[in-house]
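Reviewing the structure listed below.
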Amino acid sequence: MSGALLAAVLPALPANASMDAAAGGVQGANISHAAAPASAAMHRDPRRVDVFVNKQYPLKPQNYVPSTKAVSGSSVRLQTEAASAYNKMAKAAAADGVQIKAVSGYRSYARQVELFNYYTKLYGKEYASRISAVPGTSEHQTGLAMDVGNYSGACALEECFEDTAVGRWVAKHAQKYGFILRYPKGQEKVTGYAYEPWHFRYVGTSLANSYKASGAKTLEHYYGVAAAQKQYRYAQYTGAVYDQASTSGAKKVGTIRKYTKVEYRKWDAKNRRDQVKLNGRWVWTSATNCTMPASEYRYAQKTAAVYDRADKATAKQVGTLHRGAKVKFATWNSKNRRDEIWYNGRWVWSGNTNRTKPAAEYRYAQKTGATYDRASKSGGQRVGTITCGERVVYSQWNAKNRRDEVWHNGRWVWTPVTNRSKPRC
């Protein structure tokens, strides 16, 4: 995998030339050959030129290190045979008036860790895995995969590369030199990666010719392991889902809550809606995207009830939210003036949350006394003792039983001995 998109703006990292000495790998192995007719058993030995590597078939050993050499006129490194094949291909292209630039080749396991973590930090793990390989599953680590580009930098690591002179030339001729386009257009569900017209994998001329003759769409198809990989999207906000993509005539058939992860099928560019699977059916929505949205939070402004729904007429109380509690926020219902929040393992509704954190209130034990598990004097059990002068966070006052709810010894308890004033004990 290329590690695409932002490679040019990454912070400086160790050069490829220094990575061959990484510890723990298989160093200096010779490449062995095998002509691979369609449907032949795939090979997993990383020393072979036809080794098969993808997300489901990681390298073994995971930190494999091949012997590499720099391709002519570049610091990019490949296994010796692949480098020689590339040099021949670049020379043939030059004879046709096309100048190919070697952009990226061998990457060590450690380098792939850095790249993947970088993209994960930027975009989230789900989207990062579409543009960069999980460490140990990258073809670049074999020293047999490379990214190519234009010396002008035009369309570098972008889909428009396919329409440049270099892009057109390598797409037509790479197979003659043992390279195949590894991540074709429209095959993301099979390869697990977005279309990369710049990423070529060296497999040797025998396999490259056999692959082309087979008509296989991908190397996964060639080896009979082309099961589609599921893709997912995340709701960026709580929004409607519809029975069709068209914005005219579509019927609302439900609601998708912010943060919800759903299986993705396709994107309708005209209506700007994704088709996703929600509650067992395929629906359309404009609320989803590749990345998990940043979490939003609200704070309880006072201790109050939370409900199972927004509607005040039919809602049932399902708990109590204490003043100052921080909770994950999904959406605001303006009609009923309630927030939907995540509390005690479920989504509930509250009319007492807001963005700002309220200032903490405190009470002081006026004397040493008991604490109880509830406000009611009948049925309540004593759960501890609060010492005169202790300062505790205050939640609410129960006028009927004349007890404060306070935070004491890691739990909310009730006591009749606290007050605002600091006592002389």
Side-chain angles (χ1 to χ4, degrees), residues 237-238 257-260 292-425:
Y237 55 87
T238 298
R257 185 182 286 111
K258 185 178 180 180
Y259 314 111
T260 302
M292 173 66 82
S295 295
E296 285 189 70
Y297 296 94
R298 296 294 184 267
Y299 297 88
Q301 303 301 299
K302 63 181 181 180
T303 298
V306 293
Y307 302 90
D308 61 351
R309 63 193 66 185
D311 180 47
K312 294 179 180 179
T314 58
K316 293 180 181 179
Q317 182 176 342
V318 291
T320 300
L321 187 66
H322 288 91
R323 186 176 189 275
K326 181 183 180 182
V327 286
K328 194 171 184 178
F329 164 82
T331 189
W332 160 250
N333 184 290
S334 57
K335 179 180 178 181
N336 295 285
R337 303 193 64 77
R338 286 180 175 176
D339 282 329
E340 188 176 27
I341 57 172
W342 183 256
Y343 179 65
N344 282 346
R346 65 181 291 186
W347 290 102
V348 296
W349 294 86
S350 172
N352 296 292
T353 48
N354 207 317
R355 288 187 177 89
T356 56
K357 186 175 183 178
E361 285 193 59
Y362 297 94
R363 294 294 184 267
Y364 298 87
Q366 304 300 299
K367 62 181 179 180
T368 298
T371 58
Y372 301 90
D373 62 352
R374 65 191 68 181
S376 174
K377 295 179 181 178
S378 60
Q381 294 184 347
R382 180 171 177 167
V383 292
T385 300
I386 187 169
T387 305
C388 183
E390 274 194 73
R391 182 191 188 213
V392 284
V393 174
Y394 163 81
S395 172
Q396 62 180 318
W397 161 250
N398 185 286
K400 179 180 178 181
N401 294 285
R402 303 193 64 76
R403 288 180 175 178
D404 281 331
E405 187 178 29
V406 298
W407 184 256
H408 187 248
N409 288 341
R411 64 181 292 186
W412 289 105
V413 295
W414 295 85
T415 180
V417 301
T418 51
N419 206 316
R420 288 189 178 91
S421 57
K422 192 171 183 179
R424 294 181 179 178
C425 295

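The structure presented is a predicted model; accordingly, all values stated were derived computationally and were not measured.
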Distance check, rounded to the nearest 0.5 Å: [X] atom [atom1] versus [Y] atom [atom2]?
X: Trp342; Y: Tyr297; atom1: CH2; atom2: OH; answer: 12.5 Å
X: Thr415; Y: Arg382; atom1: OG1; atom2: CZ; answer: 9.5 Å
X: Lys422; Y: Arg363; atom1: NZ; atom2: CZ; answer: 15.0 Å
X: Leu321; Y: Gln301; atom1: CG; atom2: CD; answer: 10.0 Å
X: Glu361; Y: Gln396; atom1: CD; atom2: CD; answer: 11.5 Å
X: Asp311; Y: Asn333; atom1: CG; atom2: CG; answer: 8.5 Å

Practice task
Starting from the C-alpha separation in whole Å, work towards a yes-or-no answer on side-chain contact (heavy atoms from CB on, under 4.5 Å) for Val413 and Val392.
Solution key: CA-CA 11 Å; Val413 295; Val392 284; over 6 Å; no
Any donor and acceptor pair, going by atom type alone, linking the side chain of [X] with main-chain N or O of [Y] inside 3.5 Å?
X: Gln366; Y: Ser421; value: yes
X: Ser395; Y: Thr303; value: no
X: Thr371; Y: Trp414; value: no

Exercise for the section: Can you tell me which residue pairs pass the ring pair (Phe, Tyr, Trp, His ring centres under 6.0 Å) test with a partner in residues 355-409, sequence neighbours excluded? Expected result: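 Residue pairs with at least one partner in residues 355-409: Trp407-Trp412.
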Handout entry: With Glu405 via salt bridge (Lys or Arg N to Asp or Glu O under 4.0 Å) - residues at least two apart
Key =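 Salt bridge (Lys or Arg N to Asp or Glu O under 4.0 Å) check on Glu405 returns nothing, list empty.
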Problem - Those residues that, when tested against Arg403, pass salt bridge (Lys or Arg N to Asp or Glu O under 4.0 Å) (two or more places apart) - result: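 Partners of Arg403 by the salt bridge (Lys or Arg N to Asp or Glu O under 4.0 Å) criterion come out as none, since no residue qualifies.
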Minimum-distance pair of heavy atoms, taken over all atoms of [X] and [Y]:
X: Ala300; Y: His322; value: CB-O, 3.2 Å
X: Thr238; Y: Ala330; value: OG1-O, 3.7 Å
X: Gln317; Y: Thr320; value: NE2-OG1, 3.6 Å
X: Trp332; Y: Phe329; value: N-CZ, 3.6 Å
X: Lys328; Y: Ser295; value: CE-OG, 3.3 Å

If you look only at distance, which donor and acceptor atoms sit under 3.5 Å apart when one is on a side chain in residues 345-360 and the other is two or more places apart or in another chain?
from   : atom 1 : to     : atom 2 : distance (Å)
Ser350 : OG     : Asn352 : N      : 3.1
Thr353 : OG1    : Asp339 : OD2    : 2.7

Practice task
Step through the shown structure and confirm whether more than 12 heavy atoms of other residues, nucleotides or ligands are within 6.0 Å of CZ on Arg420.
Solution key: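 For Arg420, atom CZ is not crowded (no more than 12 foreign heavy atoms under 6.0 Å).
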Problem - Partner residues of Ala315 under the side-chain contact (heavy atoms from CB on, under 4.5 Å) criterion, sequence neighbours left out - result: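 For Ala315, the residues satisfying side-chain contact (heavy atoms from CB on, under 4.5 Å) (neighbours in sequence not counted) are Tyr307, Asp308, Arg309, Arg338.
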Practice task
Determine whether Asp373 and Arg411 make a side-chain contact, defined as any pair of heavy atoms from C-beta on separated by less than 4.5 Å.
Solution key: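 Touching, per the 4.5 Å side-chain cut-off.
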Practice task
Could you name each residue pair satisfying disulfide bond (SG atoms under 2.5 Å apart) that touches residues 393-425, not counting sequence neighbours?
Solution key: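 Applying disulfide bond (SG atoms under 2.5 Å apart) to every pair that reaches into residues 393-425, excluding sequence neighbours, yields Cys388-Cys425.
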